[in-house]
Structures are given as C-alpha cells and as structure tokens.
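Worksheet: the structure to be examined is printed underneath.
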There are 2 protein chains.
Amino acid sequence: MAYTEIPDIVIGRLPVYLRALSVMAGAGQEITSSHELGEKLGISSAQIRKDFSHFGEFGKQGTGYRISYLQEQLRRILKVDREWPVALIGIGDVGQALIRYGGFRDRGFHIALAFDADPAKIGQPIDTLTIQDVCTLPEQMREQNVLIAMIAAPAKAAQEVADLCVKGGARAILNYAPINLTVPEDVRVQYIDPVTHLQRMTYYLA
Amino acid sequence: MAYTEIPDIVIGRLPVYLRALSVMAGAGQEITSSHELGEKLGISSAQIRKDFSHFGEFGKQGTGYRISYLQEQLRRILKVDREWPVALIGIGDVGQALIRYGGFRDRGFHIALAFDADPAKIGQPIDTLTIQDVCTLPEQMREQNVLIAMIAAPAKAAQEVADLCVKGGARAILNYAPINLTVPEDVRVQYIDPVTHLQRMTYYLA
DNA sequence: TAGATTGTTAATCGATTAACAATC
DNA sequence: TAGATTGTTAATCGATTAACAATC
C-alpha cells in the first residue's frame, strides 16, 4: 500500500484498539480477529480491517491477529513505543489526580514538569517533582524538550497558559479547562470536559 | 423543516457551541454569527448553519444570532435547561475532584449519589453527601430516578459497576476507567481517558 | 481438504462545503 | 438603499460497508 494521508478519524480509533488489546492481553489471550474486536467495541469488522490496512498487513488469513504483535505495531504507529515527557499546568484537584494516576507510564507518557501560578504552591514538592512557577514554563519546556502539555488550570487562565505552552514549543495540548483554545494550526488540542460529554448524552434521554 | 433523525455527530457539536456561547456571553457579547463562531472553533460557518437548521431557525439575516436566545435554544434541545441528578461511583482521586468541581450545576447537572466499594469509605461524608455501598446502587438510582452515572472506579471493577448502573436503570454513563464497557444498546456511554487522547496526538509528533 | 479470516475493491452511504436567493 | 448574514439546496467529498478472492 502506497503512503497517503491517513484520516484523523482512523488515527483516533487506534488508541481504542490498543486499549482493548491490552485488556485481552492482560487476560492471557493471544489471538483475536477483526470480528471479535469489532464486537467488543461496537465497530464493524470491515472498518477495523480497513483501518489497519492503511498501515500494513498485521494479520493472517484464517487465523486473525496475534495480539502482542498487533499491540507492538499500533504502539509504533502511534509513537507510544517510547515514553513522552509531559508538562502539567495547574496543580488543583484535577492536576493532583493526574499526578497520582499510575496509568501513564506503561502507555507512553510521564509527567516531567509541574506548574502553577499560586505562590503558595510554587516550590512545594509533589510526587517526585517540585511545583514550578508557570512563568518559567516556556524555557523549561524548551530546555527539557517537552512537546506535550496537560492544562488543568482554571478556565480564566487557560488561554494564557496555552499561549505559554506554545511559546515553549508545545505541539500537543490536552485541555481540561472548559473553554476552546486558540493555538497555531501545527499544535494539536484535545479537550476533556465532563460536562460536554454529559450534555451529548442528555439529548437522548426521555 | 420536517423531523428526521439527527446525526449523532451534530448532537456532539452542540455542547461545544454552547460552551463557546457561554464564554462570549460571559464577556458581555450579545450577538454572534456563524462565521465568528466557526472561526473560534475551527469549524466552517456553513456547517454551523447546517447544524442549527436541523432544529429550526435561530438567526436573523444580515445580523446573526442573539447569543442569549441561541443558548436558550441549544439548552432546550440538549435537555440541559434543567438539572439532572448524577450518580458517581468511585471516590478516589478522580471521584473527589469531580465532587469538588463547581462547574456542573449551571450546565445542567449535579452529583446526587456517591458510591464506593471500600468499607473504609462507606458511610463517610463527602461534600453534602454520604458515601454509600455500591451494592445498594441499583435500588438507590431507581428510587431517586437517576438516569446518569459517572464511573471513576478502578479498571478491574468498572464493568461490574456498569452492570450495576444498568440494573439501576442508567441510560447514560460517563466512564473514566480505561476500558471499553459492554452495555445494552439503549444505554449511551462516553469515555474520558487522558491516555487515549494523548495517544491520538503523538502520531503527529516528529 | 474444509473452514475461517484477512486485505482490498467497488458500491453505498452520509457528512461537509460552496453557492445563492431571501431578507434583515 | 447597500451590506451582511441567514437558511437551504445541490454538488462534492470522504467514510463506511458489503462482498469476495486469496490464503492460512
């Protein structure tokens, strides 16, 4: 298959596949099929095979996919076959929960920098880190070659924080603040806002 | 316009529009246009007008949209012109952050029930609630007519918790556990997993 | 071999966009 | 009136699915 632009919607499904494969692998399963995977995720088997076909041939006719191999390939494609350092900004409730969350490392990430704007928090230790002044963010991100930021700052401050991240060379931002960020087009943003997720479901309630 | 099935992808954009409108309203702005809104959100103005047109005519030629009126309409469409009670399961770091989060009420939700499986936590007060035994979840959800659940339990327990929610009549589940849930098809699920969001962006990094 | 499942093609389906009449 | 912007149609674009030859 020749290289063409891969649709972003396909990229978006790969982490979901990877997560399902981890669950299967954790249960000791070694082989799966597009049909089984689709069943589990509510996606058609044809779509799963089509998605994979953008990147190569990972299965075997008549048998299916070896889970460990498929995981390896998806990790390589998504570039999470390494550990990306991430900057966290805003050490409130959400920020602290993120720091204590143990699920980052084995899925390709770790929090390398922690920032806040509150003088009472700056200098405090948190986990193995020290909370730093958000003003120093751009230079620190650049120095340590950190390309990913998680913003858990208040909504009012979030755009300003995003600007600092961009200044620091951020190329990917995960935003927990309930506002839309404006960033240069070469910077990716993902949003986590529980309320928008809930509002998306209430439409269907009686 | 006659009623036809509205695409889910359209429904998914309405909360984003609503959030952007709130920011504008908060800044004292009274009028906006599909062009301005699209600019802010990185969506074409045609798409925004098309999305609205599924539900009615909310604007005025030559002028645009009155923000307060458009908010009202979107809230009505999404059914967040009321306050939905939500059950929260798992009072760990994430659960506590959700309970302390002040952004639910004015956007259509409040946490009405809190559950955990840990005997040390059951019976403890949290905010204005008391942590209850998750075993009692089905009856409590039914009694209090709660249709929405947020699962912040460990991955290992999440499917079991989801089953309890379904048993309690849940019709919408927001799942923070990093696994895919299997539920009846009349139950909606949304996923919040920071790692899948991050993995979706690393693909594009150098 | 018989059965199963892949990878891929072509057809279908659905979503986005361009364009413009209507009209404020 | 002139300028601006809506709501809507038709065209375009892209994603999903059905089907099947290839083959393990």
Side-chain angles (χ1 to χ4, degrees), chain A residues 1-17 20-21 24 29-74 77 185 200 203, chain B residues 1-17 20-21 24 29-74 77 185 200 203:
Chain A
M1 187 228 52
Y3 181 80
T4 36
E5 199 66 42
I6 313 282
D8 181 62
I9 198 162
V10 172
I11 302 301
R13 282 191 292 262
L14 301 187
V16 178
Y17 298 153
L21 291 169
M24 293 179 185
Q29 194 177 335
E30 295 191 347
I31 301 285
T32 189
S33 66
S34 60
H35 180 78
E36 185 190 37
L37 208 42
E39 194 82 356
K40 285 229 163 80
L41 300 176
I43 291 176
S44 81
S45 62
Q47 178 161 86
I48 290 175
R49 294 198 301 280
K50 187 101 218 284
D51 283 354
F52 292 166
S53 78
H54 286 100
F55 305 99
E57 310 191 354
F58 306 135
K60 195 181 269 187
Q61 282 104 323
T63 308
Y65 302 90
R66 211 175 92 230
I67 291 172
S68 62
Y69 179 70
L70 189 52
Q71 286 181 293
E72 223 171 77
Q73 294 305 308
L74 291 178
I77 292 163
E185 63 169 299
R200 193 184 172 144
Y203 172 80
Chain B
M1 187 228 51
Y3 181 80
T4 35
E5 199 66 42
I6 313 283
D8 181 63
I9 198 163
V10 172
I11 303 301
R13 282 191 291 262
L14 301 188
V16 178
Y17 298 153
L21 291 169
M24 291 179 187
Q29 194 177 334
E30 296 191 347
I31 302 283
T32 188
S33 65
S34 60
H35 180 78
E36 185 191 36
L37 208 42
E39 192 82 356
K40 286 229 162 79
L41 300 177
I43 291 176
S44 80
S45 62
Q47 178 159 89
I48 290 174
R49 294 198 302 278
K50 186 101 215 283
D51 283 353
F52 292 165
S53 78
H54 286 100
F55 305 98
E57 311 191 352
F58 305 135
K60 195 179 271 186
Q61 283 103 323
T63 309
Y65 303 90
R66 210 174 93 229
I67 289 172
S68 62
Y69 179 71
L70 188 52
Q71 286 182 294
E72 224 171 77
Q73 295 304 309
L74 292 178
I77 292 164
E185 63 169 301
R200 193 184 174 143
Y203 172 81

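In what follows, chains are A, B, ... by sequence order, proteins preceding strands, each numbered from 1.
Taking 4.5 Å as the limit, some side-chain heavy atom of B:Y65 sits within range of a side-chain heavy atom of B:R49.
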Legend entry - Working for side-chain contact (heavy atoms from CB on, under 4.5 Å), residues B:I6 and B:F55: CA-CA 9 Å; B:I6 313 283; B:F55 305 98; 3.6 Å; yes
Inset, instruction - Might you work through the side-chain contact (heavy atoms from CB on, under 4.5 Å) test for A:M24 and A:L37, ending with a clear yes or no? - result: CA-CA 10 Å; A:M24 293 179 185; A:L37 208 42; 3.6 Å; yes
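Listed nucleotides D:dC20, D:dT17, D:dT8 differ in distance to B:S53; the shortest reach to its side chain belongs to D:dT8. Set against D:dC24, D:dT8, C:dC24, the side chain of B:K60 has C:dC24 as its closest nucleotide.
Residue A:S44 places at least one side-chain N or O under 4.0 Å from the OP1 or OP2 atom of D:dT17. Between A:Y65 and C:dA4 there is no side-chain polar atom (N or O) within less than 4.0 angstrom of OP1 or OP2. Of the side-chain N and O atoms in B:R13, one or more sit less than 4.0 angstrom from OP1 or OP2 of C:dT16. For B:Q61 and C:dA22, the shortest distance from a side-chain N or O to OP1 or OP2 is not below 4.0 Å. Residue B:S34 places at least one side-chain N or O closer than 4.0 Å to OP1 or OP2 of D:dT6.
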Inset, instruction - For DNA chain D, just give me the dot-bracket, please: Watson-Crick or G-U, both distances below 3.5 Å, ( ) intra-strand, [ ] crossing earlier pairs, | paired with another strand, . unpaired. - result: ..||||||||||||||||||||||
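For the atom pair B:F52 CZ and B:L14 CG, the distance stands at 7.5 Å (nearest 0.5 Å).
Between the NZ atom of B:K50 and the C1' atom of C:dA18 there is a distance of 13 Å, given to the nearest Å.
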